[in-house]
Amino acid sequence: MYNFVEMQDKEVLQILTGEEKREAEGLELIPSENYVSQAVREANGSIFTNKYSEGYPGKRYYGGQTYTDQIEILAIERAKTLFSCGYANVQPLSGANANIATYFALLLPGDTVLGMDLSHGGHLTHGAPVTYITKFFNFVRYKMKNPDTGEIDYEEMRKVALEVKPKILLAGFSAYSRELEYDKFVSIAREVGAYAVIDIAHIAGLIAGGVAKNPFDYGFDIMTSTTHKTLRGPRGGLILVRESEELAKKIDRAVFPGLQGGPHMHTIAAKAIAFGEAMQPSFKVYTAQILKNAKAMETVLHDRKVRMLGGGTSNHLILADVHGSLGVGGREAEEILDSVGITLNKNMIANDTRPPLDPSGIRFGTPAITTRGFTEKESAQVANLLLDGIAHRGDKIKLDSIRQEIRKMCIQFPIPDSFV
Ligand code: DSN
């Protein structure tokens, strides 16, 4: 794969092969990561990286757009089919850009967004005070009513919405393990005259695979997303509009020229391939297995009495309170598990009293191990190894034996090249 890098730049080659080995010999449990197909990697590293194409198909600011137009139209059409909607913008460079472009499309400075609190599962771009978008817009946050069930306080959300009159009622999350009640979001949004927007970055693949509800069926106006995570495409963003041409025009203008310059056509080519993969019947099977595997991990944590935020999972991820249950901070747990070949991330939990760089929780999930072919059996085994690793921290012999187990699983389930 790296023939030319090898001839030209040994320093970079060494780093690339290091990462190849790390991914091959360890298990990826970060729920926002996945392994893409070789076809996605080829398109992502393709000739389109050479090309500037500001504008949209048929309306560009540079010449030479025959094939950029074709690939962008193909990606758009596939995205529309996949998510059953009228419009798609495939140009956002990331999920953060997709969210920020959506705010600029729908809001005026000072307007209010009601979104989920970061420590209760929301995302930085949903209005965390450290982000620059909070200088432009007023973000008000809602929370879970009960972190042990994951129940969101919709009554309180409605009360706050009636008070602060948001222009956007924002659903979606990056660390929340339960399903949202979409009808309640949409009904509150309609009552206060807000746009109903949802960030589906984490669950886009589950929606595309038909194993999670499609928020458009409940009347959401706009969905923003990344194209990696459960959707298993290249790193990038996506904005979908249910049916309003007027909204779609606003979104297009906000992405370009509002926020971005030239789109990354190589990434758009890779998005088209990933969307094509997600349209195959095998993707349904894959996404159904993601959920089964997460349930198998949930059972292990439940049996071993580890507190899970939301009381468990209904999607691809689990947020575990390792500090409360096992007396280990999230940072230490992440480091121990890294050393045995399990990659996951430390994470704040609702009402965390510990700092963000050493919070109480860890977050992990099943999209990548499911791509490797793991079923419930192996997923339960990984959950046990993960908890054993934390329990036996400091015991070098035990940690070495866990490392060997993980390596064996990686050899038995290599990262596949293709899914179709
Ligand atoms: N960084 C992503 C995640 O891990 O969930 C969200 O952007």
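Order of appearance sets the numbers: ligands from 1, and atoms from 1 within every ligand. These values consider heavy atoms only, across backbone and side chains, with no hydrogens, waters or symmetry-generated copies.
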I'd like to know if the side chain of [X] pairs up with that of [Y] as donor and acceptor (distance under 3.5 Å, no hydrogens or angles considered).
{"X": "Glu54", "Y": "Gln260", "result": "no"}
{"X": "Tyr286", "Y": "Thr370", "result": "no"}
{"X": "Asp217", "Y": "Tyr182", "result": "no"}
{"X": "Asn99", "Y": "Thr125", "result": "yes"}
{"X": "Asn384", "Y": "Arg304", "result": "yes"}

Task: Location of contacts on His228 toward ligand 1, heavy atoms closer than 4.0 Å - done: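 Near ligand 1, His228 shows nothing, with every heavy atom at 4.0 Å or more.
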Task: Whether Arg363 lies under 4.0 Å from ligand 1, heavy atom - done: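 Heavy atoms of Arg363 do come under 4.0 Å of ligand 1.
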Which heavy atom of the protein is the closest neighbour of [atom], given with residue, atom name and distance?
{"atom": "atom 7 (O) of ligand 1", "value": "His123 NE2, 2.8 Å"}
{"atom": "atom 3 (C) of ligand 1", "value": "Ser32 OG, 3.3 Å"}
{"atom": "atom 5 (O) of ligand 1", "value": "His202 NE2, 2.6 Å"}

